[in-house]
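What follows is a single structure, written as structure tokens, with notes after it.
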Amino acid sequence: MSRQNLRAIDPKKVSGELFTLTYGSLVAQLLKDYENVEEVNRQLERIGYNIGMRLIEDFLARANPGRCYDFRDTADKIQQAFKLYLGVSPSIGSWSPGGDEFSVVLDPNPLTEFVELPDHLQNLRYSNVLPGVIRGAAEMVQIEVLASFIADSLKGDNITEIRVKFVKRLEDAVPAGED
Amino acid sequence: MSAAEDVLFELLHMEIVKTFTDSKDKDDAASKLEYIGFTTGYRFVERATRETNRFKDELDIMKYICKVFWVSVFKKEIDNLRTNHQGVYVLNDNNFRFLTRISSGKQYLQYAPRFVTFTCGLIRGSLANLGINCVVTAEVSHLPACKFQVQVQRG
């Protein structure tokens, strides 16, 4: 083939754009299907949760991250996963005094590369799949967390920030009569 | 093992399929999945071809889809392209990525269509952006192989 110039394009970047565009089409379709923006936010979070539940398995196999001994370990692994799957390195910070809450600051947010929010969708949490992924992945390693956006550059904030809060350790549930 | 970002794309696709086939109005699921693919393909190919030389003709575009485009989306080329030279193209992928996670054999064959619909749209959208109006259908007879048929609409 004569199109040698095409091989110069970084395949990682191409995959990233494909993901971003596919996600954008999904959000657009959900906005058509549900009149209610809150419901779209909820759906995106649920989709993220389901992805996270499966993605953790791939992460454990691929990165072999080892055990988390405290919540700071967990934060490091979340940072590592963002690098691995989305090619961005978020910064972790704003720890609460008790060490049970931290922020993931995305700069840039790869999902919003081609996105601008129209005025009537200011309540849409466009990237709500991301906190969902964090929650789903954490649950599969026995940590219950709350994760949500507290700042979003799509809405005029300076940064995009996800707040992650430790809720509790989940114990293995043993079926009754089998302990 | 496939690259990390490909796993993410695969999982997103899986969830998109699930979201629309599980929803209340599941009769529309196929057309919604197709449309999500269409808009994705339309915009993706626009970006992917910005550095490309002008295409000679329709067949040249189809070859681009089978080779370059397929590699950037599915990390492999289409295994076989056939045409009747009258606007019908058949693209065979013997190991279609969205079907490789399904157990092969007859048992789950009935679920195959929902996993290829997005890609039908993806092809149709890409071709639409490159100036070809067409209808794309898919046929799965042995998992994980898939046959996409492109019927160009003339006039």
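Lettering of chains follows the sequences in order, A, B, ..., and the numbering in each one begins at 1. What you are looking at is a predicted structure, and each value in this text was computed from that prediction instead of being measured.
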Proximal component of B/F38, with respect to chain A [non-hydrogen, under 4.5 Å]: neither
Which atoms of A/Y23 approach chain B - backbone, side chain, both or neither, heavy atom under 4.5 Å: both
Evaluate the side chain to side chain contact (heavy atoms under 4.5 Å, CB included) criterion for residues B/F20 and B/R114: first the C-alpha distance (whole Å), next the side-chain angles of each, then the deciding distance (0.1 Å), finally the verdict. CA-CA 10 Å; B/F20 293 99; B/R114 63 177 67 166; over 6 Å; no
All heavy atoms of B/L130 vs all of B/F55, minimum pair found to be CD2-CE1, 3.9 Å
Closest non-hydrogen atoms of A/N41 and A/R125, given as atom of the first, atom of the second and distance, are OD1-N, 2.7 Å
Residue from A/V40, A/L117, A/V37 passing side chain to side chain contact (heavy atoms under 4.5 Å, CB included) with A/N123: A/V37
Strictly distance-based, threshold 3.5 Å: is any side-chain N or O of A/K77 a donor or acceptor partner for the main-chain N or O of A/P65? yes
Quick check on the interface: out of A/L18, A/V129, A/D33, A/I51, who has the most heavy-atom pairs with chain B under 4.5 Å? A/L18
Residue by residue, which of residues 79-92 of chain A have a heavy atom closer than 4.5 Å to a heavy atom belonging to chain B? A/L84, A/Y85, A/L86
Heavy-atom pairs under 4.5 Å with chain A - which of B/D6, B/T39, B/T19 has more of them than the others? B/T19
Under the 4.5 Å side-chain heavy-atom rule for ILVMFWY, direct or indirect, which residues accompany B/V71? none
More than 12 heavy atoms of other residues, nucleotides or ligands under 6.0 Å from OH of B/Y35: yes or no? no
Do B/I78 and B/F69 come close enough that some side-chain heavy atom pair is under 4.5 Å? no
